[in-house]
2 protein chains.
Amino acid sequence: MTNASYRQFCPVAMAAEILCTRWTVVLLRELVAGSTRFNELRRGVPRMSPALLSKRLRELEEAGIVVHEEREGGAYRLTAAGRDLQPVVEAIGLWGQKWVEADPSLENLDPELLMWDMRRNLDTDPVPAMRTVIEFIYPELPPSQRNWWLIVEPDQSVDLCHIDPGFDVDLYVTVDLRTMTEIWMGLRTVATAISDGALCLVGRTELANTMQSWLGLSPFAQQKKLAT
Amino acid sequence: MTNASYRQFCPVAMAAEILCTRWTVVLLRELVAGSTRFNELRRGVPRMSPALLSKRLRELEEAGIVVHEEREGGAYRLTAAGRDLQPVVEAIGLWGQKWVEADPSLENLDPELLMWDMRRNLDTDPVPAMRTVIEFIYPELPPSQRNWWLIVEPDQSVDLCHIDPGFDVDLYVTVDLRTMTEIWMGLRTVATAISDGALCLVGRTELANTMQSWLGLSPFAQQKKLAT
DNA sequence: CGGGATCCGTAAAGATACTG
DNA sequence: CAGTATCTTTACGGATCCCG
């Protein structure tokens with residue numbers, strides 16, 4: 001953004017100068033969702049160049065939105081002002097879910113981004129209190145992106161692997177990436193995908209039957225699409 | 001912004017692609033506030049080039065946020081999707097009021113922008129039901145920007161002139177532009193500005209005494225500043 | 001592997017001027 | 001009033017490389 005800025009005293013313009021530069025809001029979504037490390041943030045915005053990510057983080061620090069800790073491996077943490085951006089990110093996401101046509105963006109699928117988001121939002125409450133392994137298989141993808149394992153540990157922490165961790169698998173989920181993304185976004189349900197033959201579950205019955213509940217959806221999945 | 005876009009299926013990214021390009025949110029503030037004509041919008045974003053304004057309006061039309069009416073002199077009107085951006089603009093403005101340091105932006109004052117906003121938000125309820133003329137005088141400004149008249153008509157409509165309309169003046173407000181802008185933004189009150197000697201009211205007593213109430217402030221003036 | 005910096009070609013924005 | 005046209009400046013994207 002030009003440093004010359006909007007030169008307006010209105011609070012909307014003052015905030016937009018900081019927030020409405022390229023990639024900034026998407027980056028803030030990652031920070032609000034809890035990512036703190038440089039490479040963790042990179043996973044959330046894989047198409048952003050590291051140079052620009054570094055620059056944006058410095059700008060956010062200068063604006064008082066994040067602090068870059070010297071210790072602890074250089075984590076980027078939101079300040080109070082940064083945490084207070086959650087309603088802004090939510091309002092933007094809610095509007096997007098409501099009004100932006102999904103089809104074009106569903107041509108930009110990314111299994112890593114999707115699995116990462118699923119890992120982050122997975123609800124461990126309906127999952128048994130023992131190690132539970134769920135393997136996702138996207139048959140149409142190249143081998144390097146085809147298989148993903150979500151592992152719920154007894155302590156309720158969730159891990160994501162894309163190489164076989166070697167554990168017994170409790171549930172196999174075979175699905176195409178677009179269908180799984182649509183379910184994640186709330187545009188489709190597990191049940192309808194199964195009855196359409198787009199999703200196939202093999203493994204422990206109680207896990208399969210409760211998938212819609214433990215599968216944490218996008219934070220915006222509740223909002224119905226209104227765009228024509 | 002680049003047509004290549006963020007390439008993410010997340011609603012935040014989908015919305016940010018449309019909303020978070022340079023000037024777009026500031027322009028949306030004007031549209032949400034009710035401006036519809038090209039040159040009316042220009043007054044609200046005076047530092048935006050007409051070429052870019054035209055381009056952004058086309059983009060907003062393509063995104064389904066405004067419609068450009070062929071009749072009625074080419075007004076730009078918000079669609080349902082556009083009106084639904086009000087919470088987004090409000091969230092951004094609220095955050096800006098709360099967390100962005102005001103001082104730097106108070107070096108970019110603009111009397112026309114301020115008077116235009118005051119005209120738009122003036123509360124006619126406390127004003128007598130007869131034509132009322134209030135003259136603002138900014139002594140430090142060059143003659144072409146020094147004098148402004150707000151005229152409340154008996155039908156409660158409000159006009160703004162910057163050439164003398166010739167009516168009798170009911171209240172003279174002599175003030176420096178920074179003080180008046182601070183009052184408008186809620187950073188100061190009429191009473192404290194008067195006692196500081198920064199604001200001088202001459203004219204009908206009841207109008208002077210009720211200035212804080214009929215002077216519609218910025219929609220964000222209620223929110224206290226928290227930035228350190 | 002985390003955390004960047006550098007260089008260069010392209011794409012967007014700013015500043016003016018001008019027109020139907 | 002409602003925009004275009006043109007030229008210059010700035011920002012961004014992508015690749016590569018560096019360092020602890």
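To find a chain, count down the sequence lines: A is the first, B the second, and so on, and within it residues start at 1.
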Once you round it to whole Å, what is the distance between C1' of C:dA12 and CG of B:Leu53?
-> 16 Å

Side chain to side chain donor-acceptor pair (under 3.5 Å) partners of residues 82-93 of chain A, not counting sequence neighbours, each pair once = A:Asp84-B:Lys98, A:Asp84-B:Trp99, A:Gln86-A:Glu90

May I ask you to evaluate whether B:Ser54 reaches the phosphate of D:dT4, defined as a side-chain N or O under 4.0 Å from OP1 or OP2?
-> yes

Would you say a side-chain N or O of A:Arg58 is under 4.0 Å from OP1 or OP2 of C:dA5?
-> yes

Between B:Ala51 and B:Arg43, who's closer to the 5' end of DNA chain D by nearest nucleotide?
-> B:Arg43

Whole angstrom is fine here: how far is it from CG in A:Leu27 over to P in D:dC12?
-> 13 Å

Within the structure, does a side-chain N or O atom of B:Trp23 lie under 4.0 Å from either OP1 or OP2 of C:dA12?
-> no

Whole angstrom is fine here: how far is it from CZ in B:Arg47 over to P in D:dT9?
-> 17 Å

In terms of side-chain heavy atoms of A:Ser49, which of C:dG4, D:dG14, C:dA15 is nearest?
-> D:dG14

Tightest non-hydrogen contact, residues A:Val88 and B:Ala91, listed as CG2-O, 3.5 Å

Does C:dG2 have OP1 or OP2 sitting under 4.0 Å from an N or O in the side chain of A:Tyr76?
-> no

Among C:dG4, C:dA15, C:dG2, which nucleotide sits nearest the side chain of A:Asn39?
-> C:dG2

Between B:Lys55 and C:dA12, is there a side-chain N or O to OP1/OP2 distance below 4.0 Å?
-> no

Does a donor on one side chain and an acceptor on the other come within less than 3.5 Å for B:Asn147 and B:Glu135?
-> yes

Look at B:Arg37 and D:dA2 and indicate whether a side-chain polar atom (N or O) is within less than 4.0 Å of OP1 or OP2.
-> yes

Which whole-number value in Å describes the distance from B:Glu17 CD to C:dA11 P?
-> 17 Å

Here the distance between atom C1' of D:dC1 and atom CD of B:Glu40, to the nearest Å, is 12 Å

Has A:Arg22 got a side-chain N or O lying under 4.0 Å from the OP1 or OP2 atom of C:dA11?
-> no

B:Glu59/B:Arg56 salt bridge by N-O under 4.0 Å criterion = yes

Side chain of B:His68: nearest nucleotide among C:dG2, D:dG3, C:dA5?
-> D:dG3

If you check the A:Leu52 side chain, which of C:dA15, D:dG14, D:dG13 turns out closest?
-> D:dG13

Could you tell me the separation between the CE atom of B:Met48 and the P atom of C:dT16, rounded to a whole number of Å?
-> 17 Å

So, is A:Arg56 near the phosphate of D:dC12, with a side-chain N or O under 4.0 Å from OP1 or OP2?
-> yes

Full working for side chain to side chain contact (heavy atoms under 4.5 Å, CB included) between B:Asp159 and B:Leu150 | CA-CA 6 Å; B:Asp159 285 331; B:Leu150 279 176; over 6 Å; no

Under 4.0 Å between any heavy atoms, over every strand shown, what does A:Arg42 touch: base, sugar-phosphate, or nothing? Just pick one.
-> nothing

